[in-house]
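Worksheet: one structure, shown below.
A, B, ... follow the sequence lines: proteins, then strands. Residue 1 opens every chain. Both backbone and side-chain heavy atoms feed into the values below; hydrogens, waters and symmetry mates do not.
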There are 2 protein chains.
Amino acid sequence: MDAGTNQKNAKNDCTKERILDKAEALFALKGYDAVSVREITAAANCNLAGVNYHFGNKQNLYLEVFRSRWLPHAIRIQECFRESLEANGTLTPSIVVESLARAFIEGPLSEEERKRHHRLISGELAKPTAAFKMIADQALRPLFENLLQDLRSALSDDIEEERLALNIFSVFGMVLCFNFARPLISSFMGCDNDADFKGRLIDHIVEFSINGLGAKSKETRL
Amino acid sequence: MDAGTNQKNAKNDCTKERILDKAEALFALKGYDAVSVREITAAANCNLAGVNYHFGNKQNLYLEVFRSRWLPHAIRIQECFRESLEANGTLTPSIVVESLARAFIEGPLSEEERKRHHRLISGELAKPTAAFKMIADQALRPLFENLLQDLRSALSDDIEEERLALNIFSVFGMVLCFNFARPLISSFMGCDNDADFKGRLIDHIVEFSINGLGAKSKETRL
DNA sequence: GTCTATAGCAGGATAGAC
DNA sequence: GTCTATCCTGCTATAGAC
């Protein structure tokens, strides 16, 4: 399928990398406990013992999937977000929200990559494992801190810290939910889950959020 | 712990019910695949064979947990929501949103029940099994259809159907995310996840949503 | 670095006594 | 309806040949 032609793949498309690829796909699809090492090695077309040789045990393989696959994808998404902010120049609330929504819903990843990425994080949010601390420290919290700064300068600066944080989680919650429950949503709404729907989704999130955020900059009560 | 004294428990607090109770708790805590039948029967203080005798197999036990535990809780939450709507008389957007958020975040369930309830549905949203169809048909879709009606009459009635549905998912997404990622959120925000925080969360959701919704009734473009 | 072979154990499920 | 005893499959992990 993936006809990698660069030098890196020529050497790296070895057993270890194939195992990581298949492990990522299977863990995303079925969750840690539902996937066996046998299933992974069979899919990777290598021997059962390969996982223990390269990663020590199944747990470490799972962690390595997050370290070497999930995390780089998260960083690409966040870079896409920041590039969009910089391309726009001034920070307005709607630019921040639209850049964020677009990076996560359309973003730099392929559709398959995006799906795997979100299924992996969904699993960790639902039932955190050792991988959770890593992704919280290295991806989620830095993003949260950046968003705090971005929105603080985009909104009036007398906004209460807690309200600012709740605003971020509201926007982020919408983005996450629309990603992770999108099949349910398009099924209930009776429309296709295609690129056009994604675009309308982003428009909606921006519009909905700006009004929610916007009111905060006008009022000083509480 | 649970000193049930009514007649129903006197007869029903038998092996079958104990298995269901422990299965609900364990499936919520660790997910289907990570829980063994041995673990459940040990917790329920009964024999290993009890699960197969009463439920046929592990899958059916899981389904029965949703049928006999999750679904009744979902119905109690929705009843709480509708009672709140009726107690308020006229349907305004803020009454609909506040009633919804309150029913799901504070609601009629105990803290433990609520936690189990949300962990079970999170697991099904992340990795749907046969239980998903049941809860979608019998709980999620009816709630969605009711909310469509409620909000249509609370907002201007020339609102586009898709926008109405997206509004519902936005509000619902915030409620779900604040439930299911609340430990993460209070950790990032550095505040306790107590009753007072829940109250502020509900206020925030209402305020944020009303501004997001409100704009829709003013504009007719697109 | 990759393989075969296997140890050692935990899983779901069943048969049959009580 | 509950128990014991057991089957058998599938799992992770390891030892050791190549």
Side-chain angles (χ1 to χ4, degrees), chain A residues 4 7-69 123 127 129-131, chain B residues 4 7-69 120 123-124 127 129-131:
Chain A
Q7 288 185 334
K8 205 174 168 201
N9 274 3
K11 178 63 192 153
N12 270 5
D13 197 6
C14 59
T15 304
K16 188 171 180 181
E17 297 299 312
R18 285 204 319 278
I19 290 175
L20 279 168
D21 286 340
K22 297 302 182 179
E24 183 193 10
L26 285 166
F27 284 142
L29 189 64
K30 320 207 299 187
Y32 180 81
D33 295 295
V35 177
S36 69
V37 174
R38 286 173 146 79
E39 200 176 353
I40 294 168
T41 52
N45 217 16
C46 81
N47 189 269
L48 172 61
V51 162
N52 296 331
Y53 176 77
H54 287 287
F55 305 96
N57 57 34
K58 184 185 173 186
Q59 267 282 353
N60 276 344
L61 168 58
Y62 181 74
L63 276 175
E64 190 61 20
V65 164
F66 274 86
R67 205 197 58 76
S68 76
R69 295 288 189 273
K127 314 268 152 57
T129 72
Chain B
Q7 290 186 332
K8 205 175 168 201
N9 275 2
K11 178 62 190 151
N12 269 6
D13 195 5
C14 58
T15 303
K16 188 171 180 180
E17 297 299 311
R18 284 203 320 278
I19 290 175
L20 281 168
D21 285 340
K22 298 300 183 181
E24 183 193 9
L26 286 166
F27 284 142
L29 189 64
K30 320 208 298 186
Y32 179 81
D33 295 295
V35 177
S36 68
V37 173
R38 288 174 149 83
E39 199 176 353
I40 294 168
T41 51
N45 217 17
C46 80
N47 191 270
L48 172 63
V51 161
N52 296 331
Y53 176 77
H54 286 288
F55 305 97
N57 57 33
K58 184 186 172 184
Q59 268 282 354
N60 277 344
L61 167 59
Y62 181 75
L63 275 175
E64 189 63 19
V65 163
F66 274 86
R67 205 197 58 75
S68 76
R69 295 287 190 274
L120 286 171
E124 280 298 309
K127 313 268 153 57
T129 72

Starting from C1' on dG10(D), measure out to NZ on Lys58(B) and report it in whole angstrom.
13 Å

Select one nucleotide: of dC3(C), dC3(D), dA13(D), the one nearest the side-chain heavy atoms of Cys46(A).
dC3(C)

Does a side-chain N or O from Tyr53(B) land closer than 4.0 Å to OP1 or OP2 of dG1(D), or not?
yes

To the nearest Å, give me how far apart CG (Asp33(B)) and P (dC11(D)) are.
12 Å

Looking at dT14(D), I'd like to know if its phosphate oxygens (OP1 or OP2) sit under 4.0 Å from a side-chain N or O belonging to Asn52(A).
no

How many whole angstroms separate atom CD1 of Ile40(B) from atom P of dA10(C)?
17 Å

Atom NE2 of His54(B) and atom P of dG12(C): how far apart are they, to the nearest Å?
17 Å

Salt bridge Glu64(B)-Arg69(B), side-chain N to carboxylate O under 4.0 Å
no

Between the side chains of Glu39(A) and Lys30(A), is the shortest nitrogen-to-carboxylate-oxygen separation below 4.0 Å, so that they form an ion pair?
yes

Check this one for me: any side-chain N or O of Ser36(B) less than 4.0 Å away from OP1 or OP2 of dA10(C)?
no

Whole Å only: how far is the CG atom of Asn57(B) from the C1' atom of dC8(D)?
17 Å

Rounded distance in Å - CG (Leu48(B)) to P (dA10(C))
14 Å

Distance in angstrom units between Tyr62(B) OH and dA13(C) P, rounded
15 Å

Report the nucleotide, chosen from dA13(D), dC3(C), dT4(D), that has the shortest atom-to-atom distance to any side-chain atom of Asn47(B).
dT4(D)

Just the rounded figure in Å: distance from P of dG12(C) to CZ of Phe55(B).
15 Å

Indicate yes or no for a side-chain donor-acceptor contact from Lys16(B) to the backbone of Gly50(B) under 3.5 Å, with no hydrogens or angles considered.
no

Indicate the ring-plane relationship of Tyr62(A) and Phe27(A), choosing parallel, tilted or perpendicular according to the 30° and 60° boundaries.
perpendicular

Does a nitrogen or oxygen in the side chain of Thr15(A) sit under 4.0 Å from OP1 or OP2 of dT2(C)?
yes

Flag the pair Leu63(A) / Phe55(A) as yes when at least one side-chain heavy-atom distance between them is below 4.5 Å, and no otherwise.
no

